[in-house]
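Here the structure is laid out as structure tokens; the discussion comes afterwards.
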Amino acid sequence: MTSSCSDQTGGYNLRSRTLLAVGAVTLGLLGSHIGVAQAAGEPETGAGTSLTTRVALTDPVADGVSSESEAEDGDPDAAPSAEDLALGADSTAGGPEAAPETAEDGERVGLAAGRQAACDERVKEVAGIPGAQFASCASVLEPAVELNADEEAALSHIEAPADTSAAESAVLAGAPDDGQAEPQAQEEGTSDDTASSAAPADEPADEPGDAAAAARPRPWKEPKWCIDAGVDSTWYIERLRGCGVWRSAVDAIDVRTGRKVGGIKYLVVGYSFSARDSKRWAYQVRLLETKRWGRAVNGTKASGSASCVGKCKVASKSFPAQTISKSAEPYGQFFMDTTINTGASKQRGTGRSVASWTFINPQWVGPSQPTKLATVDVRCDNALPGAPRQVGCVTLQAVPVISYSLTGPWPEVAKHIKDAQATGIPGKYGTTNYLTRLTDRRKIDENRNKACPSSLPRPPGKSCDEYAFASTWQGAKHGDGNFSRRMINARQNTDAGKALKGFYTYSRVLEGDRFLVWIR
């Protein structure tokens, strides 16, 4: 997996191509397991005997803790306590991951096949119109791998906060519902072109005129890791947000000669975000002019619309006609609602937003062809164990990461997991050897009972910790038989288990969802 982030504190360098993070969650966790080989650092023991650490008991308060404390994450249907959820929320740290490159529109990256031919045909069509002088031709989105000086300047004035979560929550809480929703959700698999046909971008804007545009909310501020430098041809995503930067252009064509006589180059900044406890997500595109040249481009405006593909509908859309210039940045803002059947239990469905915009100019015969940008898939569900009535949405391709520190509150848990992962047990951060969540209570108990049977003696103040976690399909019973167990400080084990439960809830990790464990 590749991405473009650095591990330097205070920001991400989105030009490098090394994956840093996938929406990391810094927590301690309940570990659980050891099968054929004990974890590193354990004394040699025979079958059926207790595996103990060489660390002396330092927490006498933990004396007498029963084996029940080893199952704090064990009942998937029990709602997490406020403490559990706070551990998950307070320990969350974000880092973007590159989403797989796709071309849902057939024109996602690079020149689309036939686009130039279509432009040439358009010029020929309008050449016969009396008085026609200029037509327009819009480029498709292209990679912004290395930003030039003009592009750097266009991005440099954008204020980009490191943490956008509070602002995103406020936007979703106050989202308008102005009756512009599509009549019904698009079916899964519908193409973007079909989805967009209900509201083509060359029709009048949803809110026409610069006066209406001036009355709109200001553009939402994209995350700092998105604006620090251009990203290269793909979305970068976290569990609740995605952002990307592309380059494009629109050119004026002299219909008498077929030659370009002027043009505007611009960057597209796409930004989407959702909430773990809302059925709605938001999407914004804004266009930043980087350079203009030649004739027949002054007075150019952009306007657009949006559609939704999959289990979703457009709840609100606003992309009125706005002038594009070095000092004026057209932008569209859209809200999408999931259309899963929230009246039934354990429902889930994915959708993606599609923004579409065109350019107009008084000197042109007509508008440019639409340019489109689709988000990556957003999954909404009401299938979260412990919160069956709650609907929430996450970026499906962002794999959540739970992190433990060797110098944090649960060092024995962290050390056990590190040693266990070193033997090849799944879940190590930086790999694609994922853990997947298990929510069947009986199977969880079977995993735990195999790794840490009640017959196994617990030294005073210790409890049995297993890895891979009992609440995963890689656990002792239902995995490949390779697991690790270790006797560790019972209080650490208990608190780490609460954190794991909070992580599952906060990141909406459902049955079968992938996740990784990062030991720092």
Side-chain angles (χ1 to χ4, degrees), residues 104-108 111-112 114-123 125-126 129 132-142 180 182 191-210 212-213 216 219 246-253 255 260-270 283-290 292 296-309 314 317-325 328-334 353-375:
E104 289 129 343
D105 286 326
E107 50 183 295
R108 185 70 171 277
L111 293 176
R115 169 56 71 94
Q116 188 59 50
C119 184
D120 292 343
E121 189 64 30
R122 171 66 172 162
V123 171
E125 289 177 3
V126 302
I129 299 176
Q133 186 174 2
F134 301 110
S136 61
C137 184
S139 300
V140 294
L141 304 181
E142 296 181 344
Q180 297 186 66
E182 295 176 348
S191 72
D192 291 344
D193 287 337
T194 303
S196 299
S197 63
D202 56 355
E203 289 186 358
D206 298 317
E207 300 172 295
D210 286 334
R216 301 163 66 224
W246 293 260
R247 62 166 57 102
S248 192
V250 60
D251 295 310
I253 310 295
V255 298
K260 296 179 183 180
V261 295
I264 297 174
K265 295 182 179 181
Y266 65 98
L267 292 178
V268 181
V269 183
Y283 180 28
Q284 173 179 279
V285 292
R286 61 168 153 174
L287 315 180
L288 313 180
E289 179 178 319
T290 59
R292 68 171 55 199
V297 290
N298 289 341
T300 299
K301 294 183 177 182
S303 63
S305 189
S307 59
C308 209
V309 178
V314 179
K317 53 188 176 181
S318 176
F319 198 158
Q322 302 154 78
T323 299
I324 183 170
S325 70
E329 301 167 355
Y331 62 98
Q333 294 176 331
F334 318 108
S353 317
V354 184
S356 178
W357 60 94
T358 61
F359 295 92
I360 57 172
N361 187 291
Q363 302 176 72
W364 303 346
V365 175
S368 67
Q369 316 101 303
T371 301
K372 299 178 183 179
L373 178 63
T375 65

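Everything numeric here is computed off the predicted structure, so don't read it as measured data.
Note that OG1 of Thr323 and CG of Asn298 are 10.5 Å apart. Values are rounded to the nearest 0.5 Å. Expressed to the nearest 0.5 Å, how far CG of Asp251 lies from OG of Ser139 amounts to 5.5 Å.
Side-chain atoms of Tyr331 and Leu287, non-hydrogen and from C-beta on, never get closer than 4.5 Å to each other. Under the 4.5 Å side-chain criterion, counting only non-hydrogen atoms from C-beta, Thr371 is not in contact with Val140. Residues Leu373 and Val268 have side chains in contact (heavy-atom distance under 4.5 Å, counting atoms from C-beta outward).
Every residue two or more places apart in sequence or in another chain that forms a salt bridge (Lys or Arg N to Asp or Glu O under 4.0 Å) with Arg286 is listed here: Glu222, Glu329. Legend: residues meeting side chain to side chain contact (heavy atoms under 4.5 Å, CB included) with Ile360, ordered by chain and number and at least two apart, are Lys301, Pro367. Under the side chain to side chain contact (heavy atoms under 4.5 Å, CB included) criterion, Gln363 pairs with Phe134, Ala296, Asn361, sequence neighbours left out.
Between the side chain of Ser368 and the backbone N or O of Phe359 there is at least one donor-acceptor pair closer than 3.5 Å. Using modelled atom types, no side-chain atom of Gln284 and backbone atom of Gln333 make a donor-acceptor pair closer than 3.5 Å. Without hydrogens or angle criteria, Gln322 side chain to Pro320 main chain gives a donor-acceptor distance under 3.5 Å. Thr290 places a side-chain N or O within 3.5 Å of a backbone atom of Lys265 that can act as its donor or acceptor partner.
When all heavy atoms are compared, the tightest approach of Pro370 to Thr358 is CA-CG2, 3.6 Å. Minimum heavy-atom separation, Glu289 to Ser325: OE1-CA, 3.0 Å. Across all their heavy atoms, Gly263 and Val297 have their closest contact at N-CG1, 3.4 Å. Scanning both residues, Ser136 and Gly366, for their nearest heavy atoms gives OG-O, 3.8 Å. Residues Ile324 and Tyr266 share a closest heavy-atom pair of CD1-CB, 4.2 Å. When all heavy atoms of Cys308 and Val314 are compared, the closest pair comes out as N-CG2, 4.0 Å.
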(request) For the pair Val285 and Val269, evaluate side-chain contact (heavy atoms from CB on, under 4.5 Å) and give the outcome as yes or no after the intermediate values. (result) CA-CA 6 Å; Val285 292; Val269 183; over 6 Å; no

(request) Determine, stepwise, if the pair Ile253 / Val255 fulfils side-chain contact (heavy atoms from CB on, under 4.5 Å). (result) CA-CA 6 Å; Ile253 310 295; Val255 298; 5.7 Å; no

(message) I'd like to know whether Ser248 forms a side-chain contact (heavy atoms from CB on, under 4.5 Å) with Glu142, so could you lay out the CA-CA distance, the side-chain angles of the two residues, the decisive distance to 0.1 Å, and finally the verdict.
(response) CA-CA 6 Å; Ser248 192; Glu142 296 181 344; over 6 Å; no

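Ring planes of Phe319 and Phe334: tilted class, angle from 30 to 60°.
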